[in-house]
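Hydrogens, waters and symmetry mates are skipped; everything else that's a heavy atom, side chains included, is used. Numbers here are sequence positions counted from 1. Read the numbers this way: they start at 1 and go in the same order the structure lists the ligands and their atoms.
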Amino acid sequence: MLILLFCFTTFYGVSNSAFYDSFHGTVISTEDMKQHMKRNTTFWCINDIAPCDPNEGRRIDGSCNNLEHPTRGATHTPFYRVLPATYDEDFQPKKTKSGKEMPLARQLRTHLLSEGRIPSQRFTQLATHFFVFLPADIISAQDTVNFIMWKPYCCLPKGKTDRDCTPNKVPDDDPVFRHSDIRCLNMTRPISFQSSGCIKNDTVPERIVSSTPLFDLSNIYGTIEESAIKKARKFERGLLKYDVENGRIWPPGTKTSINLCLLNQKPAETRCHDTPEAATNTVLGINLFSIWLWRYHNLIANELANLNPCWSDDRLFYTARDINIATVLQIFYYEFLPLMLGRENMVRDGVISSSSGFRDLYNSNVLPQLSLEFPFVLRWVHTMQEGNLKFYDKHGHYLRQFPLVNLTLRTGFLAVDNNIDYITQGSFRQASANVDYVVDFDMAGIGLGPHQRAFDILTNDIAKNRYFGFQPYVKYKQFCNQKEYTSFDDLSNEIDPERIELLKEIYEHVEDIDLLAGIWMEKLIKGGSVPSTFYCLVVEQLIRNMISDRHWYERSNRPNAFTLEQLQEIRKVTVSRLLCDVADGVMEIQPHGFLRAGHK
Ligand SMILES: *[C@@H]1O[C@H](CO)[C@@H](O)[C@H](O)[C@H]1NC(C)=O
Ligand SMILES: *[C@@H]1O[C@H](CO)[C@@H](O)[C@H](O)[C@H]1NC(C)=O
Ligand SMILES: *[C@@H]1O[C@H](CO)[C@@H](O)[C@H](O)[C@H]1NC(C)=O
Ligand SMILES: *[C@@H]1O[C@H](CO)[C@@H](O)[C@H](O)[C@H]1NC(C)=O
């Protein structure tokens, strides 16, 4: 009773919300609003935002992060571009400098990257799982759903009549597909504010951020406050709902057969998650980290509830979420990226701090936005993905292998035959693919598993490069280095001679090189394991993400900021600690789970 006397409840007043134009970020007139209602375009084109309260914590939908620009940081808002777009007429991919068609995307892929399987001596599968999980916080798989489910005819005659169909031609002499009748790989034009009816079609196509643009675990908590997260909360001790099945804890399962988990092999495989974001049922790396972080939220919430019996469910929930987000950001910025980008490089360039105290570089003039280039260049990681998933028991004995691509939209597989235990063990015992110029057979041939007959993820990446309208690779090099590149030989500091020769064979002019193709061919940076232009464009966004996020976890001056002692505890988390706490059957693990055991 005594305790109850001191308890108080926080009310989140939601009233007087205003409607904003998602693209422009401005308050919209009643007349325009009516137009959108009539055209049924409110979902993508309008943000409904409650008035900002400077003392409020991070909103699920990302709004009010920047108090001057309430929609920026929210879902359904535009990307910005590091360099302005370049297109041919009618926003078709640009031609070569001399006015010809660009070389076929598939031809480039097979010419520049070899297929094979070479194990990394440094990184584990866990590193690539994490690398796949992170972008799922900020972007979505809509464009893939588009050609698999909504427009499944792009390689058929009907596809020729639909402007959205942009399939990739396979040449007759393709080194792999010449042994089959496959001459076309499905693809659709990226969804944009234009294709969604928000802005005029005669303007440069602008992509929609369908998640929230900052790293805030949208893939766990969703992006729409009311409906989704309320359905997922238990409204008790700050917990998320969960199921217990065979002694394991899972995100809540769906009872209805919605269009997810399409590859569950019934009747054995039935598990499919009903979470705010469908991401939790997509590709394996995302599914695994989602399950772990779902559990981690509840672990934190329970601890908090024990320590603070007075706290309301709301306060427990939002505090647990804040700690969960901080945990992932700490692992991302301070554990994972230093291995990839090099710790010294990151300290030098101001991405991470060399001290463990607070770091407050918030700048309200920098908008919380994503560059279109950032998630795009992350696709380089497809060259690092290993297609064979290896299963191990908890003593480290190898059991068997299974194709990774066959687990997309197949959450049910994890919940049978102790599969999640064996896959978890494998994640930190198995090597990722080497960081080199070789791509895994499955990524390059059947990247979407049974969802498509054939699919080369990397051909798709090059094609998207062009539909996004990115400037030539050398323009980005110039942005990064302030140097001009006018001949292939100007690249000799960044690219080995044999790969410059490959580029010369397939591109007519150095300015024809596609951004991603250049990144594929680059040497790795000093002190890190990534190509130099990848480094440059990733660092550009990482800094923006940190300084534009009013709720950044290292800040001392933000609503509900951590104390210094609390921040010191956050700084201690590692991915291995996370797995010990919430993964299935992990009794022992190397201290650095992203690195192979035995490496130093
Ligand atoms: C309206 O738009 C939503 C979201 O894009 C869509 O799901 C729905 O089917 C549309 N309704 C009609 C009547 O077209
Ligand atoms: C632009 O074109 C698409 C078809 O590609 C159409 O669905 C959309 O409504 C158009 N938008 C506007 C604003 O005219
Ligand atoms: C994986 O999927 C392919 C179809 O893409 C199928 O032929 C193969 O048998 C599957 N492998 C396993 C082990 O299920
Ligand atoms: C393209 O998509 C259609 C419909 O899903 C499918 O039948 C066809 O096999 C796909 N093409 C390839 C090469 O996978």
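- In terms of the side chain to side chain contact (heavy atoms under 4.5 Å, CB included) criterion, residue partners of Ala431 (sequence neighbours excluded) are, by chain and number, Pro119, Arg596.
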Checklist line | CA sep, side-chain torsions, deciding dist, call: Phe147, Phe455, ring pair (Phe, Tyr, Trp, His ring centres under 6.0 Å) | finding: CA-CA 12 Å; Phe147 65 76; Phe455 194 76; 5.5 Å; yes
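- Neither the backbone nor the side chain of Cys155 has any atom closer than 4.0 Å to an atom of ligand 4 (non-hydrogen atoms only).
- The two residues Asp442 and Pro403 have their closest heavy-atom pair at OD2-CB, 4.0 Å.
- Every protein residue with a heavy atom nearer than 4.0 Å to ligand 3 is included here: Phe402, Pro403, Asn406, Gly449, Pro450.
- Ionic pairing of Asp243 and Arg248 is not present here: no N-O contact between side-chain nitrogen and carboxylate oxygen is shorter than 4.0 angstrom.
- A salt bridge is defined here as a Lys NZ or Arg NE, NH1 or NH2 lying under 4.0 Å from an Asp or Glu carboxylate O, and Asp88 with Lys94 fails to meet this definition.
- Counting the atoms of ligand 4 from 1 in the order shown, those under 4.0 Å from a heavy atom of Cys184 are 13 (C).
- Taken as a pair, Cys154 and Cys165 meet the criterion of an SG-SG distance shorter than 2.5 angstrom.
- Side-chain contact between Arg163 and Asp90: present, with at least one pair of heavy atoms (C-beta onward) separated by less than 4.5 Å.
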